Amino acid sequence: MNLKQMSAFREVMLTGSVSEAARNLNRTQPSISHMISGLEDELGMRLFERQRGRLHPVPEAQYLFKECTDVLNRISSVSQNMQRMKTMESGELKIVSMPGPATVILPELICQHLGAKPEVKATLLSRSSDAVQQLVGSQQFDLGIADHDPARTIEASLVSAETFFFDCICAVPAEDPLAELPVITPAELSGKPLATLFTEHRSHILTRRAFEAEGQSLNVRFVGQFFHPLLTYVEQEFACAIIDPVTAESWLSRAAQPNSIVFRPFAPAIEFGIDLLTPAYRPASLLAGSFADRLIEVFMKIGARRMGQCSSGEALA
């Protein structure tokens, strides 16, 4: 039994006429008769009796009609769903990210990219960068966003990574005299209370090296695990902070009083990297690919330097 036979049989059941079925299916009457005859031969039973010029189904044909209708409707549904996926009107996007981008930028981008498509579902989880890489490596997520750490090693065969580098910027209270400077250096921050990430984080290490290279005093008062909470200390005028531009963009987008903090370039440059991770054994869907392209556009607008796509073993080396 093939789909053409099933379609012909269902149409004859609905119309009670081979000629009407042929007309509805845009086929010739002999071709419909041939398909019904072939179906009867294959099943080894008659499906119709002719009475007064019309075909009347035998009781067994009613069961076959229901089954054929279910199959053909299912095939039609699959075809429609695939078409919606092709036009990105349907589907599911699963993202796992380090907390910074997951706070504001990613939810806003999901709304912009998918909000007008009610049949598209999105999952966004916030995890540590190590956990992000593990989850993407498990092939469960379409996209992962993690901070770049050259010391971190993962199974290169499980994850592909594209790395984007940013120059960190300095966040200072709006009323601080430092806010008037075009560029802030370790000399201006020497001895001033700072809020930084934990001592093992690459940004903290590079910041300490920059201060030591210029013989300046690094006064770390507040330590945190993520950049975004550090801005609370800056807003309350207790400290300054050297953070990544992605966090600054999130702050400016959603803070109740965004003007309470001023962001200035910091020199010498302190590099901060973000890895865009994709599962190696799960080719990107059209939906995931288009979202990743839009996220990359956001990164580039806030000053990212794109380092090219490679295996995770190369990107994180």
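Bear in mind the structure is a predicted one, so any value in this text is a computation, not a measurement.
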(request) In sequence, state the C-alpha distance, the side-chain angles, and the governing distance for T15 and S17, and then conclude on side-chain hydrogen bond (donor to acceptor under 3.5 Å, both in side chains). (result) CA-CA 5 Å; T15 62; S17 166; 5.2 Å; no
(request) Go through the steps to decide whether T196 and H204 satisfy the test side-chain hydrogen bond (donor to acceptor under 3.5 Å, both in side chains), and finish with yes or no. (result) CA-CA 6 Å; T196 72; H204 184 109; 3.0 Å; yes
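Put simply, the side chain of L106 reaches to within 4.5 Å of the side chain of I145, judged on heavy atoms. Side-chain contact between I242 and L189 is present, with heavy atoms from C-beta onward closer than 4.5 Å. Side-chain contact between M35 and R27 is present, with heavy atoms from C-beta onward closer than 4.5 Å. Residues I274 and D147 are not in side-chain contact: their nearest non-hydrogen atoms beyond the backbone lie 4.5 Å or more apart. Taking 4.5 Å as the limit, some side-chain heavy atom of L64 sits within range of a side-chain heavy atom of M1. Using a 4.5 Å heavy-atom cutoff, the side chains of Q62 and P57 are in contact. Looking at heavy atoms from C-beta onward, C170 lies out of side-chain contact with E188 at the 4.5 angstrom threshold. Between I302 and V246 there is a side-chain heavy-atom pair separated by less than 4.5 Å.
Distance alone, capped at 3.5 Å, places no donor-acceptor pair between the S253 side chain and the S250 backbone. Checking side-chain atoms of R264 against main-chain N and O of A179 turns up a donor-acceptor pair under 3.5 Å. Remark: the backbone N or O of L158 is paired with a side-chain donor or acceptor of Q139 at under 3.5 angstrom. Side-chain atoms of D244 come within 3.5 Å of backbone atoms of T247 as a donor-acceptor pair (strictly under, hydrogens ignored). Without hydrogens or angle criteria, S97 side chain to G144 main chain gives no donor-acceptor distance under 3.5 Å. Side-chain atoms of S7 do not come within 3.5 Å of backbone N or O of K4 as any donor-acceptor pair.
F198 and F226 fall into different hydrophobic clusters, where Ile, Leu, Val, Met, Phe, Trp and Tyr are joined by side-chain heavy atoms under 4.5 Å apart, directly or via other members.
Considering CG of L287 and NZ of K121, their distance stands at 13.0 Å, rounded to 0.5 Å. Atom OG1 in T163 sits 9.0 Å away from atom CG in L276 (nearest 0.5 Å). Within the model, atoms NE2 of H113 and CG of D293 stand 8.5 Å from one another, a figure rounded to the nearest 0.5 Å.
For the pair R221 and Y233, the cation-pi criterion (under 6.0 Å, within 45° of the ring axis) is not fulfilled.
Counting only residues at least two apart or on different chains, no side-chain hydrogen bond (donor to acceptor under 3.5 Å, both in side chains) pair has a member in residues 34-48.
Salt bridge present: R305 and E271 bring a charged side-chain N and a carboxylate O closer than 4.0 Å. Between K66 and D70 there is a salt bridge, with a side-chain nitrogen of the basic residue lying less than 4.0 Å from a carboxylate oxygen of the acidic one.
T185 and E214 share no side-chain donor-acceptor pair at under 3.5 Å.
L230 and A195 make their closest contact through CD1-O, 3.7 Å (heavy atoms, listed as atom of the first residue, atom of the second, distance).
Partner K192 forms a side chain to side chain contact (heavy atoms under 4.5 Å, CB included) with one of V172, D176, N219 and no other, that one being D176.
The aromatic ring centroids of H148 and F272 lie 6.0 Å or more from each other.
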